[in-house]
2 protein chains.
Amino acid sequence: MGTTQLEAAPEPKYWHLRTVLSEALDSEFSVGEILPNERDLAARFGVARATLRQALEQLELEGRLQRRRGVGTTVAPPRVGVAVASTDEDRPGASADAWQVVDSALDAAPAAVAGMLGVRAGESVHVLRRRRVSHGQTVAAELLYVPAASVPGLTAIDAPSGPARGRAVLRELQRQGLDGQDRAVELGSVRAEDAKELDRLPGAPVLVVTTRYFSKGTTAAVAVATYRADTCRLTFGDTPSVEIHHTPESHAS
Amino acid sequence: MGTTQLEAAPEPKYWHLRTVLSEALDSEFSVGEILPNERDLAARFGVARATLRQALEQLELEGRLQRRRGVGTTVAPPRVGVAVASTDEDRPGASADAWQVVDSALDAAPAAVAGMLGVRAGESVHVLRRRRVSHGQTVAAELLYVPAASVPGLTAIDAPSGPARGRAVLRELQRQGLDGQDRAVELGSVRAEDAKELDRLPGAPVLVVTTRYFSKGTTAAVAVATYRADTCRLTFGDTPSVEIHHTPESHAS
DNA sequence: CAGTGGTCTAGACCACGGT
DNA sequence: CCGTGGTCTAGACCACTGA
């Protein structure tokens, strides 16, 4: 290729590109602005499209870019802070704007979940599908597993499944009283099933938050929530949604 | 390619491959076992190496695989749970085994950090480099920013920089009394500088934990810690390091 | 429809680890 | 030194969006 670079750089091209583009984003582009298409950009930098894409991938991972098939690549807004540790997250009333029940049914608990719940693997539990919307965008999809034993007062008046039933389960769970929570955060990839709802392709990176709800010394429920890693910053603590300038590349010197 | 698959699958090859490999890992491989090399695997599945690599990348992201140049691809152990919200994380005595001070110096605070600390951008603050070791492996690198105003009692007896000075800063910070913390977790990529320490290539995914320490109503310090996303599960809450079966693909139905 | 990003291929060479 | 994964290329075709 050309003789543009004169550095003795053992630095990969895509990484250098990432840096160059990152700086360009800071200085020459504004949020929402659309970048030149990948073929043009690759040509402009004198690299193959695959290499250019590797750099774009990084920037998307860091929440700097947003790419949509058929549309283009745009400059992403700073990540939104979503509060994960609010105390009354599951109270249907208080959290109506944060979580909405999509569906509910009785289903077998996966082995990992069954273990945490202390029920037999494959035992049927309530499975609530919930969705979290923030700033007009779905930022998280969740599966909430509630063993029948945790909601003894649940009547059969409501339908056996559906959103209404789900809300009834939540109400009853809340009525039992929850005295503690326990969370873990790890990196994962979107299941094909959640991909559409989160408007991402299968395999896109997500932050998986596993929550255990305790009641009277036992694990009353387990929630597995997947947050879009590109657009979300999970906040914990007393001051939930303080706006912080985004931290693209882990931290600067 | 061959006529092995008979599905009308609009599913990408790499995604299908990921699933197949994932199941194979569950049933036919044990932790630490070394997989066939990428060229062989690609040939075996009748795909290009790039496609095979895309599948491996996914599995590595999910913490199922570990790839090392010059060595090979091995089956990764379940992610280790690292407690992030323990109350006395910064007490030098109690956390000696978790965090170790690598270095310390006075340096300009990056804009984002300066904003949180309430100091002028570029103002000189104590910058502590710390490292967290778990199960004999470095799982996190951290930069702790402490403005001079937060450690008024700091004497000039110790060296102006170096690990010893860092420990002195920590001691003094602890002596001032911290009355609260505030955390945010987001996805990022390893800086080139941290890459070596974490034994990862630049750009590898990390969980960036930004912590603000409060004292007497003001932000006394800010820490930016980057955890290896492939090997770590961040835990919050009362029961820190309970072993949970890993959750590879966000969650199973 | 044209234009975008997403997938896939079949090569090549490089950087690194261990022998 | 060889074998490994990591980078890079130059193409091709597909899936989706919006005019």
Side-chain angles (χ1 to χ4, degrees), chain A residues 1-2 4-5 7-18 21 33-61 65-76 189-190 192 195-196 199-205 230, chain B residues 1-2 5 8-18 21 33-61 65-76 189-190 192 195-196 199-205 230:
Chain A
M1 40 129 228
T4 349
Q5 297 92 301
E7 318 299 318
E11 191 180 51
K13 268 188 196 176
Y14 78 92
W15 184 256
H16 179 247
L17 241 186
R18 185 210 80 108
L21 286 171
E33 201 172 342
I34 176 169
L35 269 62
N37 72 57
E38 297 183 349
R39 290 162 179 87
D40 285 355
L41 272 180
R44 179 174 314 185
F45 286 104
V47 299
R49 181 153 81 112
T51 306
L52 186 268
R53 277 180 62 78
Q54 216 173 335
L56 294 183
E57 224 157 86
Q58 283 286 336
L59 291 168
E60 191 178 29
L61 190 91
L65 291 181
Q66 200 163 345
R67 300 193 284 175
R68 271 171 307 169
R69 168 153 50 179
V71 180
T73 302
T74 56
V75 181
S189 48
V190 226
K196 271 209 196 96
D199 192 31
R200 303 260 63 198
L201 293 166
D230 55 342
Chain B
M1 44 135 219
Q5 298 91 304
E11 191 180 53
K13 267 188 196 177
Y14 78 91
W15 184 256
H16 179 247
L17 242 187
R18 185 210 80 108
L21 286 171
E33 201 171 344
I34 175 168
L35 269 62
N37 72 57
E38 298 183 349
R39 289 161 180 87
D40 286 353
L41 272 180
R44 179 175 316 185
F45 286 104
V47 299
R49 190 176 155 222
T51 305
L52 186 268
R53 277 180 61 79
Q54 216 173 334
L56 294 184
E57 225 157 85
Q58 284 285 336
L59 292 168
E60 191 178 29
L61 190 90
L65 291 180
Q66 201 164 343
R67 301 192 284 176
R68 271 172 306 168
R69 168 152 51 178
V71 180
T73 302
T74 56
V75 181
S189 47
V190 224
K196 271 207 197 99
D199 193 30
R200 302 261 63 198
L201 292 166
D230 56 342

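Every chain is numbered from 1, with letters handed out A, B, ... down the list of sequences. Because only heavy atoms are used, hydrogens play no part in the values below, and waters and symmetry mates are left out as well, while side chains stay in.
With sequence neighbours excluded, the residues forming a side-chain contact (heavy atoms from CB on, under 4.5 Å) with B:Ala48 are B:Thr51, listed by chain and number.
OP1 or OP2 of C:dT9 has at least one side-chain nitrogen or oxygen of B:Lys13 nearer than 4.0 Å. Remark: A:Arg67 is in phosphate contact with C:dG6, judged by side-chain N or O atoms under 4.0 Å from OP1 or OP2. Note on B:Asn37: every side-chain N or O is 4.0 Å or more away from OP1 and OP2 of D:dG3. Residue A:Thr73 places none of its side-chain N or O atoms closer than 4.0 Å to OP1 or OP2 of C:dT4. When the side-chain nitrogen and oxygen atoms of B:Tyr14 are compared with OP1 and OP2 of C:dT7, one or more of them lie within a distance under 4.0 Å.
Note: CD (A:Glu60) to C1' (C:dT4) measures 14 Å, nearest angstrom. Taking atom CZ of B:Arg18 as the reference point, atom P of C:dC8 lies 14 Å away to the nearest angstrom. Rounded to whole angstrom, the span from the CZ atom of A:Phe45 across to the C1' atom of D:dT7 amounts to 18 Å. Regarding B:Asp40, its CG atom lies at a distance of 11 Å from the C1' atom of D:dT4, rounded to whole Å. Taking atom CZ of B:Arg53 as the reference point, atom C1' of D:dC8 lies 11 Å away to the nearest angstrom. What separates CH2 of A:Trp15 from C1' of D:dC8 is a distance of 18 Å, to the nearest Å. Whole-Å rounding puts the B:Leu56 CG to D:dT7 P distance at 14 Å. Following rounding to the nearest Å, B:Glu11 (CD) and C:dC8 (C1') show an atom-to-atom distance of 15 Å.
The two atoms that bring B:Ala192 and A:Trp15 nearest to each other are N-CZ2, 4.1 Å, heavy atoms only.
Residue B:Leu201 is classed as a sugar-phosphate contact, given heavy-atom separations below 4.0 Å to backbone atoms only.
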Contact string for nucleotides 14-19 of chain D, one letter per nucleotide 5' to 3', B = base within protein heavy-atom range under 4.0 Å, S = sugar-phosphate only, - = neither, reads -BBB--

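The side chain of B:Thr51 lies closest to C:dC8, out of C:dG6, C:dC8, D:dT7. Among the nucleotides C:dT4, D:dG5, C:dT9, the one closest to the side chain of B:Arg49 is D:dG5. If you check C:dG6, D:dG5, C:dC8 against the side chain of B:Glu38, the one that comes closest is D:dG5.
The nearest heavy atom of DNA chain D to B:Gly72 and to A:Leu52 marks one nucleotide each, and the one closer to the 5' end goes with B:Gly72.
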Would you be so kind as to tabulate the donor-acceptor pairs closer than 3.5 Å made by side chains of residues 33-40 of chain B, with sequence neighbours excluded?
residue	atom	partner	partner atom	Å
B:Glu33	OE1	B:Ser30	N	2.8
B:Glu33	OE1	B:Ser30	OG	3.2
B:Asn37	OD1	B:Arg39	N	2.9
B:Asn37	OD1	B:Asp40	N	2.9
B:Asn37	ND2	B:Asp40	OD2	3.4
B:Glu38	OE1	B:Arg49	NE	3.0
B:Glu38	OE1	B:Arg49	NH2	3.1
B:Glu38	OE1	B:Arg53	NH1	3.2
B:Glu38	OE2	B:Arg53	NH1	3.0
B:Glu38	OE2	B:Arg67	NH1	3.2

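Checking side-chain atoms of B:Gln58 against main-chain N and O of A:Gly203 turns up a donor-acceptor pair under 3.5 Å.
Between A:Arg68 and A:Asp199 there is no salt bridge, since none of the side-chain N atoms of the basic residue sits less than 4.0 Å from a carboxylate O of the acidic one. A salt bridge is absent between A:Glu11 and A:Arg18: the closest approach of a Lys/Arg side-chain nitrogen to an acidic carboxylate oxygen does not fall below 4.0 angstrom.
Residue A:Gln66 holds its CD atom at 5.0 Å from OG1 of A:Thr74, rounded to the nearest 0.5 Å.
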Output, in order, the C-alpha distance, side-chain angles, deciding distance and verdict of side chain to side chain contact (heavy atoms under 4.5 Å, CB included) for A:Thr73 and A:Leu41.
-> CA-CA 11 Å; A:Thr73 302; A:Leu41 272 180; over 6 Å; no

